[in-house]
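Data block below; observations after.
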Amino acid sequence: MRPSIDETHDPALSSWVAGANGHAEFPVQNLPLGIFSHPGGAPRPGVAIGERILDLQAIAVLLPAEAAARLDSGTLNALLGLPAAERLALRRRLSMLVSAETHRTAIEPALHAAPECELHLPAAIGDFTDFYVGIHHANNVGRQFRPDNPLLPNYKWVPIGYHGRASSVRPSGVSVLRPQGQGKPAEGEAPPFGPSTRLDYELELAVWIGVGNELGAPIPIDQAGEHIAGFGLLNDWSARDLQAWEYQPLGPFLSKSFHSTVSPWIVTAEALAPFRIAQPPRPGGDPQPLPHLWNEADQTHGALAIELKATLESAAMREAGAAPFTLGQGPAANMYWTVAQIVTHHASNGCNLHPGDLLGSGTISAPSDDGLGSLLEITRGGAEPIELPTGETRAFLEDGDTVTLSAVAHAEGYVSIGFGPCTATVLPSRA
Ligand code: CA
């Protein structure tokens, strides 16, 4: 089932919640789900609206029974396990409660000022899988290693991915410690061990799994949408020096597992209904995917009109009050495989997904130089450092640097919705 456009997306819909109307990210048309705590309170499910967070536990009696029964927790896993139709019912009720004046007296006491609240991971993440479907990123990185043959033969047949590390995923705002590890040695020498000297970010779309599948039961592509609860942003911090040494033959390991940052709000699949667009056609001569990975409706509506952006702010820039430096900006549609194809591929061997599992798209780069999604690409492997407004240069990230990812979904005739920040500052390695 493809999420449909309904009264909750009406651009004329307004809310009585202060600051919601015209809010750049969280107008009433968005209603993303997350886990928050206010001073003195335990983490609990909430919804972002304007500069407020609505406590769902506090208004449970006003919500549909199926959703209300799954709110007594410091994670969204139970709620994410709801069938898509129940999540839609929750959205429609919430939309009505924060737009109709009749409910204002009942709802208002359950609203908290967002700046006073702490945001947590939205789910207890059982598994984190990172893909590699940003075609321009794969080409750019592949070209650095294999100039004549950047993409390996499997790339256009299977969505390439690997199992990431769930335990070190943290919400936006938690600082990243520079990892230590083994780098690639000079010919005939022992590898160096120490703080990474080639620390990088990766601009990715996060996918939150909703209803899971039983072990042994693949997910047909025409049902993949039923298993996708929503989307966010992911910074897959990467230590390129560690990665270059360790990645053969089994892929990345410690170069990625030290920390990953996610945006704390889950923008639901239902909220994104107006922003679904056609998957860009495959270049002529590319193979037709196997039948289990192909669905015409998915090709027509399976991509998202989301604009992604990454910025960098050094400690000196912060001190000088300089605006963050834009590293790259481009559309999320630069993915060779759709999210439905990724989910179907993941379960095609019978692997079971659980509510609250996290998938990363892989770094999304645009084909142009102003839309690259990692420093590895922007600085050509460190060979062409960028210059910041303070005159500082960066080949890779320095201690004190803050990287912030952001995203906005746009569509003609609809109110744009945002994802909230995915930000973190690099701190020195622990001695
Ligand atoms: Ca990645």
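Atoms within a ligand are numbered from 1 in the order they appear, just like the ligands themselves.
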Describe, in one word, how the ring planes of Tyr336 and Tyr155 are oriented to each other, choosing from parallel (under 30°), tilted (30 to 60°) and perpendicular (over 60°). tilted
Do Glu377 and Ser365 meet the criterion of a side-chain donor-acceptor pair at a distance under 3.5 Å? yes
Return yes if a side-chain donor-acceptor contact under 3.5 Å exists between Trp237 and Ser260, otherwise no. no
Aromatic contact between His120 and Phe36, with the criterion being ring centroids under 6.0 Å apart: yes or no? no
In the protein, N/O/S atoms that are found under 3.0 Å from the Ca ion (ligand 1), waters not counted: Asp130 OD2, Glu202 OE1, Glu204 OE2, Asp236 OD2
Charged N to carboxylate O below 4.0 Å: is that the case for Lys256 and Asp130? no
Here's one to test your reading of the geometry: is the NZ or CZ of Arg282 within 45 degrees of the ring axis of Trp337 and under 6.0 Å from its centre? yes
